[in-house]
Amino acid sequence: MNNSTSTPANSSATATPSNFIQQIIREDLKNQKNDGRIHTRFPPEPNGYLHIGHAKSICINFGTARDFSGLCNLRFDDTNPEKEDMEYVDSIKESIRWLGFDWEDREYYASNYFDQLYDFAVELIKKDKAYVCSLSQEQAREYRGTLTQPGKNSPDRERSVDDNLDLFARMKAGEFDDGAYTLRAKIDMASPNMNMRDPVIYRIRRLHHHQTGDKWCIYPMYDYTHCISDALENITHSLCTLEFEDHRPLYDWVLDHLDGISHPQQIEFARLNINYTVMSKRKLKQLVDEKLVTGWDDPRMPTLDGMRRRGYTPASIRHFCEMVGVTKSNSVVDVGMLEHSLRDDLDKSSPRAMCVLRPLKVVIENLPEGHKEEMTLPRHPKDETMGERKIPFTRTVYIDHADFEEVPPPGFKRLIAGGEVRLRGCYVIKCEEVIKDAAGNIQELRCTYDAATLGAKPEGRKVKGVIHWVPADESIDVEVRLYDRLFSHEAPDSADGDYRDFINPQSLQVLSGCKAEPSLIDAVAEERFQFEREGYFCVDKSDSGPQRPVFNLTVGLRDTWAKQNN
RNA sequence: UGGGGUGUAGCCAAGCGGUAAGGCAACGGACUCUGACUCCGUCAUGCGUAGGUUCGAAUCCUACCACCCCAGCCA
C-alpha cells in the first residue's frame with residue numbers, strides 16, 4: 001500500500017492553519033472550560049453514502065479532536081427509520097476508516113438513548129415545557145404562521161401536565177395511530193425563529209428500526225435528540241453545518257430545561273461545494289436510480305466510494321480539506337484544487353509504468369527477428385527505494401498514435417517521418433517509413449534504432465522528444481477507462497435547466513486493447529501507477545480479474561502541450 | 001416583507017486599529033530520458049457600496065446593497 005494511504009490521520013500532528021473554530025477552542029482551553037477537555041463527534045444519518053462534503057466534516061471533527069489531544073465519537077443519528085438502513089451504517093464506517101480516521105470503541109447511535117430520551121421528555125412535560133398535541137400535519141402548518149406572521153397556539157397547548165403524561169405514555173404504548181398525536185416543546189408560537197414555534201419533538205411512526213427493531217412506535221426528532229445525545233456523550237464542541245444555525249436556540253433551550261446534563265457548544269461552519277459536480281444526496285441518488293452512472297461507487301461520483309474506486313488517496317482528500325479551510329462563508333471550491341492535492345500525493349507515491357493507450361505498431365528494421373534485450377527502468381524517477389522494473393526491447397514495439405504526426409504542429413517534439421525520438425529508458429529510433437492502408441490510415445512505422453544511444457545522448461544532434469512504448473509480443477492487453485468530470489457545466493445545480501442536462505457525454509471513455517508493460521499483469525485491486533506521460537491510474541477493484549487488470553484514470557498529468565494546442 | 005448568516009484577486013483563504021499572508025489557477029522563464037515533477041519570477045494603491053471616527057481603517061460606527069439558510073410529524 002502507498003505510504004500516503006496508510007498514514008493514520010488520527011496520529012498525524014501536522015500543524016494546521018488557524019480557523020475560527022480553533023480560535024474558539026483555544027479560548028475555551030485558556031478559560032479552563034470543560035476542564036480542558038475537547039470532545040467532538042461526527043454524526044451521520046445512515047441514510048446514504050458519504051461524499052466529499054462529509055469528508056470535510058469528518059476532517060474537521062476528527063481533526064480538531066486530534067489537534068487538541070481530544071476525542072471524536074462516531075454517532076449515527078438514526079432517529080428516522082424510514083430512510084435508514086444497516087447497509088449505510090456499514091458503508092459509512094468503512095469510508096471513515098478508509099479516510100484514515102479511527103473512533104476506537106466510541107461507536108454510538110442516537111437510538112442507544114431512546115430510553116433516556118423518553119425519560120427526558122417526561123421531565124419536560126412535568127415542568128410544563130412540553131405537551132401532547134392532536135393537530136394534524138396540515139393544521140400544524142396553518143397554526144405555525146409564516147416567516148412574517150406569528151403562529152397561533154395549539155388548542156392543546158394548555159392541556160394539564162397529568163393529561164400530557166397520560167397521553168404521552170399511551171403514545172409510547174401504541175394506543176394511537178401514526179400521526180394522531182405529537183409531543184411538542186412549549187416555547188413560543190410568535191418567535192421570529194420558526195424553529196422555536198413549539199417544535200415537534202416526538203412523532204408516532206410504526207416503523208422497524210435497524211437498531212431497536214419494533215420496540216418503539218414513537219421516535220424523537222433531530223432537534224430534540226441531537227443536543228441530548230451530545231450532552232450524554234459529554235461532547236464539548238458540536239460542530240455542524242451552517243443550516244443548523246437557526247436550530248441553535250432550540251439546541252440550547254432543550255438542554256437549559258433539563259437537569260443534570262452537560263451543555264455542549266454548537267458551532268456551525270460552511271458546507272463544502274465543488275464546481276463541476278453536485279453534492280446533494282437527492283441528486284446523487286437520482287443519478288444512481290436513473291442509471292446515469294453505474295452506482296454509488298461510480299468513479300465519476302463525488303462519493304467517497306466513488307473517489308476511492310477512481311483512485312483518490314485518503315491523504316489527498318484530507319490535504320484538500322485542509323487547503324479549503326473552515327469558515328462560515330458559502331463558497332464553491334474549484335475542482336482544480338482537489339486535483340492538485342491528488343497529483344501532489346500521487347506523484348510522490350506512485351510507481352511509474354508504461355501503457356500505450358492507442359497502439360501504433362513500430363518495427364525496428366535494424367534489429368534481428370527474435371531480438372530481445374532487457375531494459376531496466378526505475379519505478380520512480382526520484383525515489384530509488386521503489387526499485388526497478390524490467391521491460392524487454394524487441395524488434396516490434398508499440399507507441400501511441402498520438403506520438404506520431406506526419407504533419408506536425410509547430411513545437412511538436414515527438415516522432416515525425418524521417419525524424420528521431422527516444423523511447424523512454426531505451427534507444428533513440430528514427431522513422432524511416434510510414435505504412436498506410438488503402439484508406440490512408442497509418443498502419444505501422446518502419447524505424448531504425450541507434451545502438452549508441454542507450455543511456456547516452458546521440459552523437460552530433462539533439463533529440464528532444466521522449467515517448468513511452470511497450471514490446472509488442474510481451475506486453476499485456478488491458479482495458480483502460482478514461483474518466484472526465486461528470487458535468488460539463490461548472491454549476492450544474494444552478495444553471496438554467498435540469499442539472500442532468502449538463503452531464504458530460506465524454507465523462508467515460510472505455511479503451512480496450514491497450515498495451516501495458518508486462519509487470520502490470522500482477523497489479524492488484526486498488527494498486528496505483530503513473531502511466532508515464534499519461535496520468536495516474538488505479539486497478540479497478542470491482543471489474544478486474546486475476547491477471548486481468550482493468551485500469552481507471554484517476555487524474556491526468558498536467559498537460560501544457562495540450563493546453564497550448566487548444 | 002420576519003429571523004439567522006456571509007461579502008478580501010478568476011477560485012479558496014489569512015488578517016482581529018499600524019499600512020493586504022498563503023494555496024489553487026493563470027502567465028513568463030530555468031531544468032528535464034515523463035510537454036510530468038522541481039525551481040525562479042509576475043499576478044489586490046485594493047478588502048460589497050457610501051459616509052463617518054482616527055495621526056492611521058479590510059479591521060471601529062452608521063446607512064445601504066448583494067447572496068445564502070429557515071414556514072418537515074427530514075437530518
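Below, read A as the first sequence line, B as the second, and so on, with proteins coming before strands; counting in each chain starts at 1. Source: prediction; values computed, not measured.
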Separation between the [atom1] atoms of [N] and [M], rounded to whole Å:
| N | M | atom1 | answer |
| --- | --- | --- | --- |
| B/U42 | B/A21 | P | 13 Å |
| B/G7 | B/A13 | C1' | 13 Å |
| B/G51 | B/A14 | C1' | 28 Å |
| B/C39 | B/G22 | P | 15 Å |
| B/A58 | B/G46 | P | 11 Å |
| B/U38 | B/A50 | P | 41 Å |
| B/C40 | B/C24 | P | 12 Å |
| B/A75 | B/G15 | C1' | 35 Å |

Listed nucleotide nearest any side-chain atom of [X], set [options]:
| X | options | result |
| --- | --- | --- |
| A/Val466 | B/G2, B/C33, B/A75 | B/C33 |
| A/Gln23 | B/G5, B/G15, B/G4 | B/G15 |
| A/Gln137 | B/A26, B/C73, B/G35 | B/C73 |
| A/Lys563 | B/C27, B/U34, B/G2 | B/C27 |
| A/Lys457 | B/G3, B/C33, B/C70 | B/C33 |
| A/Lys328 | B/G15, B/G5, B/A26 | B/G5 |
| A/Asn80 | B/C70, B/C74, B/G2 | B/C74 |

Residues [X], [Y]: salt bridge by 4.0 Å N-O rule:
| X | Y | answer |
| --- | --- | --- |
| A/Glu384 | A/Arg379 | no |
| A/Arg389 | A/Glu532 | yes |
| A/Asp403 | A/Arg358 | no |

Indicate, with a heavy-atom threshold strictly under 4.0 Å, whether [X] touches base, sugar-phosphate, or nothing.
| X | answer |
| --- | --- |
| A/Ser341 | nothing |
| A/Leu272 | nothing |
| A/Glu532 | base |
| A/Gly151 | nothing |
| A/Thr327 | sugar-phosphate |
| A/Gly336 | sugar-phosphate |
| A/Phe244 | base |
| A/Arg424 | base |

Can you tell me the Watson-Crick or wobble partner of [N], both distances under 3.5 angstrom?
| N | answer |
| --- | --- |
| B/C31 | none |
| B/G7 | B/C65 |
| B/G22 | B/C12 |
| B/U53 | none |
| B/U1 | none |
| B/G46 | none |

Verdict with reasoning, A/Leu124 to A/Phe120, per side chain to side chain contact (heavy atoms under 4.5 Å, CB included): CA-CA 6 Å; A/Leu124 285 182; A/Phe120 281 124; 5.9 Å; no
For this output row, return yes or no: ring centroids of [X] and [Y] closer than 6.0 angstrom.
| X | Y | value |
| --- | --- | --- |
| A/Phe76 | A/Tyr88 | no |
| A/Tyr202 | A/Tyr219 | no |
| A/Tyr449 | A/Tyr427 | yes |
| A/Phe531 | A/Phe537 | yes |

Are any protein N/O atoms closer than 3.5 Å to N/O atoms in nucleotides 36-38 of chain B? If there are, list each pair with its distance.
residue	atom	partner	partner atom	Å
B/A36	OP1	A/Thr560	OG1	3.0
B/C37	O2'	A/Asp347	OD2	2.9
B/C37	O2'	A/Lys382	NZ	3.3
B/C37	O2	A/Lys382	NZ	2.4

Identify the residue among A/Lys281, A/Lys285, A/Glu84 that makes a side chain to side chain donor-acceptor pair (under 3.5 Å) with A/Asn47. A/Lys281
Would you say the side chains of A/Thr385 and A/Asp383 form a donor-acceptor pair under 3.5 Å? yes
Do A/Tyr131 and A/Asp198 pair up side chain to side chain, a donor and an acceptor below 3.5 Å, judged on atom types alone? yes
Verify salt bridge (charged side-chain N to carboxylate O under 4.0 Å, His left out) between A/Glu268 and A/Arg248, making sure each step is shown before the conclusion. CA-CA 9 Å; A/Glu268 311 84 9; A/Arg248 192 173 61 231; 2.6 Å; yes
Tabulated below should be each protein N or O lying under 3.5 Å from an N or O of nucleotides 8-11 of chain B; please produce it.
residue	atom	partner	partner atom	Å
B/C11	O3'	A/Val332	O	3.1
B/C11	O2'	A/Val332	O	3.0
B/C11	O2'	A/Asp334	N	3.4

Starting from the 5' end of RNA chain B, give me the residue, A/Arg248 or A/Lys83, whose nearest nucleotide shows up first. A/Arg248
Chi-angle category of B/G48 [syn within 90° of 0, anti beyond]: anti
